[in-house]
Amino acid sequence: MGSKIRVTIWNEFVHERGNDKMGEWIRGIYPEGIHGCLAKALAADDLEIRTATLDMPEQGLPAEVLDNTDVLLWWGHCAHAQVDDALVDRIQERVLHGMGLIVLHSGHMSKIFRRMMGTSCRLHWREAGERERVWTVDPFHPIAQGVPESFAIPHTEMYGERFDIPQDGHIVFLSWYEGGNVFRSGVAFQRDAGHIFYFSPGHETYPIYHDPNVQRVIGNAVRWAAPANGILPGRVTRQRDSLEPITTRDPMAQLDTSELHKAL
């Protein structure tokens with residue numbers, strides 16, 4: 001990885017362009033789109049930021065963009081099904097080789113997050129504009145640096161347990177909602193060489209991405225997820241040479257199995 005972390009902020013960019021009153025409302029909050037808001041909020045000397053949207057050629061992530069991305073931020077909601085499976089394959093491969101992936105809010109149901117988790121990623125939800133209190137449950141994690149012990153989001157969409165994600169996730173933030181629900185709102189994962197972080201605050205009809213604490217969490221997550229040693233080439237998993245002498249031999253060892261194991 002170079003001196004700057006190369007960040008691509010991907011947004012489906014559908015809600016912000018709606019022709020109804022909801023679209024007008026959301027444009028009032030995010031006139032440059034959610035991706036534009038995040039790009040401005042995260043701007044820093046150590047980050048090289050570009051944005052991409054679903055309507056762009058190759059859905060915003062052609063090879064020349066994806067291959068030059070160290071950390072990919074993903075925001076999606078109503079157009080998950082429109083993302084090409086072939087693109088999901090390429091993103092998955094890139095993450096396994098070390099690219100960081102930050103999945104935001106309703107991106108929990110995106111094809112790429114569900115692919116990386118291997119679960120349904122379903123949860124309870126409610127749109128009542130209620131208050132959310134985010135608790136920092138691991139203040140020593142890099143993503144929590146500079147984040148207060150708790151902070152409140154005045155109005156939000158409720159996301160509640162049970163959240164169907166794998167149990168190997170490390171919980172950094174936990175949320176409580178005015179209606180009584182709780183939720184693992186900030187969870188970190190590792191998949192092969194890639195770091196993944198899911199962060200739930202960010203419903204499109206509220207100015208949540210203008211919140212300084214939310215911005216700090218996402219900025220910290222970008223730096224945590226960035227590959228320390230760059231994107232790795234494809235790993236060879238077979239170890240031909242043993243570290244210790246092998247004296248036990250099996251008849252199978254006399255067979256030439258090179259063709260059989262080429263894909264391993």
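Scope of the values below: all heavy atoms of this structure, side chains included, with no hydrogens, waters or symmetry mates.
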[X] (side chain) donor-acceptor with [Y] (main chain) under 3.5 angstrom:
X: His210; Y: Ile29; result: yes
X: Glu204; Y: Ile26; result: no
X: Thr136; Y: Pro148; result: yes

Does a side-chain N-to-carboxylate-O contact under 4.0 Å join [X] and [Y]?
X: Arg133; Y: Glu178; result: no
X: Lys4; Y: Asp45; result: no
X: Asp67; Y: Arg90; result: no

Look up atom [atom1] in [X] and atom [atom2] in [Y], then write down how far apart they are to the nearest 0.5 Å.
X: Leu101; Y: Thr69; atom1: CG; atom2: OG1; result: 11.0 Å
X: Met99; Y: Ile196; atom1: CE; atom2: CD1; result: 9.0 Å
X: Gln92; Y: Leu87; atom1: CD; atom2: CG; result: 11.5 Å
X: Glu132; Y: Ser175; atom1: CD; atom2: OG; result: 3.5 Å
X: Leu66; Y: Glu58; atom1: CG; atom2: CD; result: 10.5 Å
X: His35; Y: Trp75; atom1: NE2; atom2: CH2; result: 11.5 Å

Can the ring centroids of His203 and Tyr159 be said to lie less than 6.0 angstrom from one another?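 Not under 6.0 Å, so no.
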
Between Trp224 and His195, is the ring centre distance below 6.0 Å?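 Close enough - the centres of the two rings lie under 6.0 Å apart.
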
Which heavy-atom pair separates [X] from [Y] by the least distance, and what is that distance?
X: Val217; Y: Ile143; result: O-CG2, 3.8 Å
X: Leu54; Y: Ala79; result: CD2-CB, 3.7 Å
X: Ala144; Y: Asn220; result: C-ND2, 4.1 Å
X: Gly146; Y: Arg216; result: O-CD, 3.2 Å
X: Ser185; Y: Val134; result: OG-CG1, 4.2 Å
X: His141; Y: Ala188; result: NE2-CB, 4.3 Å

Find out whether [X] and [Y] are in side-chain contact, i.e. whether some heavy atom of one side chain is under 4.5 Å from a heavy atom of the other.
X: Asp85; Y: Lys111; value: yes
X: Arg131; Y: Thr156; value: no
X: Ile34; Y: Glu16; value: yes
X: Val103; Y: Phe197; value: no
X: Val83; Y: Trp10; value: yes
X: Leu104; Y: Tyr209; value: yes
X: Glu12; Y: Ser106; value: no
X: His108; Y: Tyr198; value: yes

Hey, could you give me each pair passing salt bridge (charged side-chain N to carboxylate O under 4.0 Å, His left out) that has a residue in residues 140-160? Not counting sequence neighbours.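 For residues 140-160: none.
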
Take atom [atom1] of [X] as the centre, draw a 6.0 Å sphere, and report whether it contains more than 12 heavy atoms from other residues, nucleotides or ligands.
X: His80; atom1: NE2; value: yes
X: Asn19; atom1: CG; value: no
X: Glu161; atom1: CD; value: yes
X: Arg122; atom1: CZ; value: no
X: Met56; atom1: CE; value: yes

So Met116 and Leu96, side-chain contact (heavy atoms from CB on, under 4.5 Å) or not? Walk me through it. CA-CA 9 Å; Met116 302 309 301; Leu96 294 176; 4.0 Å; yes

Between Asn11, Ile91, Ile102, Thr8, which is the residue that forms a side-chain contact (heavy atoms from CB on, under 4.5 Å) with Trp74?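 So the option named by the test is Ile91.
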
State, without any angle test, whether [X] and [Y] hold a side-chain donor-acceptor pair at a distance under 3.5 Å.
X: Gln190; Y: Asp168; result: no
X: Asn181; Y: His124; result: no
X: Asp164; Y: Ser120; result: yes

Given Asp46 and Arg223, is the salt bridge (Lys or Arg N to Asp or Glu O under 4.0 Å) satisfied, shown in steps? CA-CA 9 Å; Asp46 62 331; Arg223 294 167 176 88; 2.9 Å; yes

[X] and [Y]: same hydrophobic cluster, using ILVMFWY side-chain contacts below 4.5 Å?
X: Phe183; Y: Val137; answer: no
X: Leu174; Y: Val187; answer: no
X: Val147; Y: Leu42; answer: yes
X: Leu73; Y: Phe13; answer: no
X: Trp176; Y: Leu123; answer: no

Over 60° means perpendicular and under 30° means parallel, so classify the ring planes of Phe113 and Phe163, tilted if in between.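 Answer is parallel, since the angle falls under 30°.
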
Go through it in stages, so that I can follow the logic: the residues are His15 and Cys78, the test is side-chain contact (heavy atoms from CB on, under 4.5 Å), and I'd like the CA-CA distance, side-chain angles, deciding distance and then a yes or no. CA-CA 8 Å; His15 289 298; Cys78 63; 3.9 Å; yes

Phe173 vs Phe199, test: ring-ring contact (aromatic ring centres under 6.0 Å, His included). Steps then yes/no. CA-CA 8 Å; Phe173 301 102; Phe199 191 53; 5.8 Å; yes

CA sep, side-chain torsions, deciding dist, call: Asp138, His170, side-chain hydrogen bond (donor to acceptor under 3.5 Å, both in side chains): CA-CA 9 Å; Asp138 184 358; His170 183 86; 2.6 Å; yes

Mind running side-chain contact (heavy atoms from CB on, under 4.5 Å) on Arg115 and Asp89 for me, showing each step along the way? CA-CA 9 Å; Arg115 173 81 64 84; Asp89 292 341; 2.9 Å; yes

Salt bridge (Lys or Arg N to Asp or Glu O under 4.0 Å) between Arg6 and Asp70: does it pass, once the steps are laid out? CA-CA 5 Å; Arg6 300 169 299 176; Asp70 298 311; 2.9 Å; yes

Chi angles and distances behind the side-chain hydrogen bond (donor to acceptor under 3.5 Å, both in side chains) call for His105, His77: CA-CA 8 Å; His105 189 57; His77 183 205; over 6 Å; no

